[in-house]
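To keep things clear, I will list the structure first and then write my remarks on it.
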Amino acid sequence: MATPETESPSPQPEGDRYDPQAIERKWQLVWDAENTWVVANPGVPEFDASAPKSYVLEMLPYPSGEPHVGHLKTYSVGDAIAHFRRRRGFSVLHPMGYDAFGLPAENNAISTGEHPREATEKSIVAFREQFRRWGISIDWSREFGTHEPSYYRWTQWIFLKLYERGLAHRHEAPVQWCPQDATVLAHEQVIDGHCERCGTLVEQRKLEQWFFRITEYAQQLLDDFELLESWPENVVTMQRNWIGRSEGAEVTFRCDELELDFPVFTTRPDTLFGATFFVVAPEHPDVERLAAGTEKERAVRDYVNESARASAEERAEEERQKTGVPLGREVINPVNGERIPIFVADYVLMEYGTGAIMAVPAHDERDYDFAKAYDLPIRRVIEGADPEQARDDEGLPYSGDGQMVNSGRFDGKDNREAYDEIVDWLGSEDRGKPAVNYRLRDWLVSRQRYWGAPIPIVYCDQCGTVPVPEDQLPVLLPEIEEYAPRGKSPLAAAEDWVRTGCPSCGGEARRETDTMDTFVDSSWYFLRYLDPKNDEQCWAKEIADYWMPVDQYIGGVEHAILHLMYARFFVKALHDMGLLEAREPFANLFTQGMITREGAKMSKSRGNTVSPAEYVDRFGADTLRTYICFMGPPIKGGDWSDEGAEGIFRFLSRLWRLGREVAERTEAGGDARAPEAQPRATRETSAAGDARVLLAKAHWAIDKATRDIEPRFQFNTAIAAVMELVNETYRLKDRLYDDATGAAAVRFATATAASLLFPFAPHLAAEVYEWLAGERLWEQPWPEADPALLERDTYMLVIQVNGKLRDRIEVESDASEEQLLELARQSENVRRHLDGKAVVKEIVVPGRLVNLVAKG
RNA sequence: GCCGGAGUGGCGGAAUGGCAGACGCGCGGCACUCAAAAUGCCGUGUCCUUCGGGACGUGUGGGUUCGACUCCCACCUCCGGCACCA
């Protein structure tokens, strides 16, 4: 049967079975050729001012090898949201880039000699190729890698801005050193005393390093959680704990002999009268001076050396006995004038507070242990005992509340009341004040590695530390021969590059040879997408202010602290520089769970990885994407199963076959528009019986899928609703083809199924929809459920006796409570259960159930 | 130790005080077929049953409620984060 092309508005299906490869290639070519997902910035003619903006972003990938299933999940989830929002009328920005600097490429270079740039760019090609085959709707016109000079030029520029404002500074500090990677690590990159990346035990070293003053923003980082629309509670909690705010007081203890003041931070100024000794950390700068000239000098030096050798891990061991040595000096307790001995002990940490503490053994477990170990006095100053905590007959230590004792004029007071009075009193004597302390430390950004953005600083004997002038950026990464680090950055070997003129005096100077932590690169990339080609500025402010903040950010929960907090810090600092209105980068955050296989994390060594490329070859991208969204709520992890993926392939095939059959058996009629755009009269009101049932199911699916996709992110149940719609259509179609209303209902139901599936299986959905409606699905608005069709004429009334299900009967939707009760009482099964009993209470919930409470 | 989150069929999961187990996987049956695959349809928590139905059932124990997977209290197990943070 030859039909002239002009008479066939919809292309007819070809072949006799679902061929994802052909369909996916077809649509990808269309989207590519037409730049379908490119979106214009304000200020250019194509800009659409009428649509509200939505910036949908997944965390940028680190390009190493090929993408894995975790990437597939992130981008499947993000793309579903991007598609959904586009069809809901938003102008959606959905860009892509690569976090291209970093250690794996460099370690690869050390073992193979392949330039990190080559390995990285090869991998970028592989990633790009996969993303295209997955059909992710990316605006490719904004793509970049953070290793490109046109990008890291601005990373360096931001470094200089931070330096200008005193937010980047260099100083010597004890730092965490990974001997395997031969570089320092940020505090956040040390997990249980081991390198986050390679697992090697880290060492402490004292080095001159660059830091970003994230601690300046500690309070804002806490306060601005208020500005976020929706972040997972656990991520907020993790950051809160990481920042670790505690309120207390700073109290000064004085060492008379040396005329030195030692401020300490305490959260318990109410226990000051119980301080029986004083402890400083081994790294405390005054330790040497304190011990000098005393008979303990030698012992102290030995102890300090020993604890410097001890690893962070050893020091943190839980069961470890407390150790320390006396310094042979005393300080004066400001509340009672008592002279108490000073110790040096490694249970006190230099990094927190002032590196010195007042020890109150009666009310602090650690001080208690130390006092017991060295036989020091323990003086109770607060009444009470906690049996869980107490370790002796006195009920000590005790860290709870109670009446004060042994505390001079505060005796008999409630410790909570005394708290403020003591701080006030110390304040008036100038020996103390209220204080807040944070656990958060400054962000160490220097890395003694090659493959990163060079720190744009020059050292000159005359002028000291000199920032590279902006017009000399970027400081290009030089080519070198030997990547292996030797305790110094490999860049130090590029002598021609290191030697440079001082930008200030023109004399001889040397470049900083450390590069920046790659987390610096990824702390602002979401801003560069907005104006990626700009050579004059990092971004135009009006463009950034239009798109920012990111409306929906998507990524793995493993970045809950590091990346997400650094990016928040950057945006706050950039805001304060006047470069940005936004105070927070990501208004909404979605963290997806990890996909496992056979219950275990996927890893090459375990041999249980799933290669997305292989599965795309086998089932097509639509199947994979839909399966991943169907495995369970994306926020949770899920266990991969080949059978499950096959099930989705079967479902998509089923929809494909249905679409093909419906396109053949029903007429599009004179109206080639999308079914949901057709006049309501032709598609609903006249429908009755099975046609009406099917239409109601379609509208139910629209309603359910829409609410499940956003704001619930419950894609698995949205897909299940489409499956139900397809099942219902299969059940009813053969009874409906024969009359026009019925056929229209089948056509509508099938097109609606495709329409709702589009965010997950865009290629197949576009294909089926084209057959049925002759339209491009992504140009159609998201369907809206008709409330009239969501309402049912009748429903199943549940009848319970004493809360137990006894019958179900179909009733009119508008039946009154009395009628419902009457119907309930008539039920034979209900009567049997009521036999010989008196109904004492009747619960009627119209639309749901009747519950008869009977006694006797 | 502290702070989060979770525990539901053979499996992944659904159900935001109202029919527990939607949807999918797996399994069983029927149709189509010479046959198989594919496809379509039906069934599938456990136990009892006179086949009408009944009892039990969401980690454990208690509580609130006409009614609890859902809310409250205590406990057990697992997962994640932090951990000598004064």
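Only a predicted model underlies this, so the values are computations on that prediction, with no experimental measurement involved. Residue numbers start from 1 in every chain, and the chains themselves are labelled A, B, ... in the order their sequence lines are given, proteins ahead of strands. Values reported hereafter were calculated over all heavy atoms of this structure, with side chains retained and with hydrogens, waters and symmetry mates removed.
Residues satisfying the side chain to side chain donor-acceptor pair (under 3.5 Å) test with A:Trp231, not counting sequence neighbours, are none. Take A:Glu250 and apply the side chain to side chain donor-acceptor pair (under 3.5 Å) test, not counting sequence neighbours, and it matches no residue. The ring pair (Phe, Tyr, Trp, His ring centres under 6.0 Å) search around A:Tyr438 returns none, not counting sequence neighbours. Residues satisfying the ring pair (Phe, Tyr, Trp, His ring centres under 6.0 Å) criterion with A:Tyr352, sequence neighbours excluded, are absent altogether. For A:Tyr566, the ring pair (Phe, Tyr, Trp, His ring centres under 6.0 Å) partners are A:Trp443, A:Phe519, not counting sequence neighbours. Under the side chain to side chain donor-acceptor pair (under 3.5 Å) criterion, A:Gln826 pairs with A:Glu822, not counting sequence neighbours. For A:Phe630, there are no ring pair (Phe, Tyr, Trp, His ring centres under 6.0 Å) partners, not counting sequence neighbours.
Residues in residues 838-854 of chain A take part in these salt bridge (charged side-chain N to carboxylate O under 4.0 Å, His left out) pairs, two or more places apart or across chains: A:Arg825-A:Glu842.
Where pairing requires Watson-Crick or G-U contacts shorter than 3.5 Å, the helical stems of RNA chain B with at least three consecutive pairs are B:1-7 with B:76-82, B:10-12 with B:23-25, B:26-31 with B:39-44, B:45-48 with B:53-56, B:59-63 with B:71-75.
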note = Its contact letters, B for base, S for sugar-phosphate only and - for none at protein heavy atoms under 4.0 Å, make nucleotides 51-57 of chain B read -SSSSS-

note = Per-nucleotide protein contact along nucleotides 3-17 of chain B, 5' to 3', at a 4.0 Å heavy-atom cut-off (B base, S sugar-phosphate only, - neither), is SS-------BSSSB-

Tabulate atom names and distances for all N/O pairs under 3.5 angstrom spanning the protein and nucleotides 66-71 of chain B.
| residue | atom | partner | partner atom | Å |
| --- | --- | --- | --- | --- |
| B:C66 | OP1 | A:Lys841 | NZ | 3.2 |
| B:C66 | O2' | A:Asn851 | ND2 | 3.3 |
| B:C66 | O2 | A:Asn851 | ND2 | 2.6 |

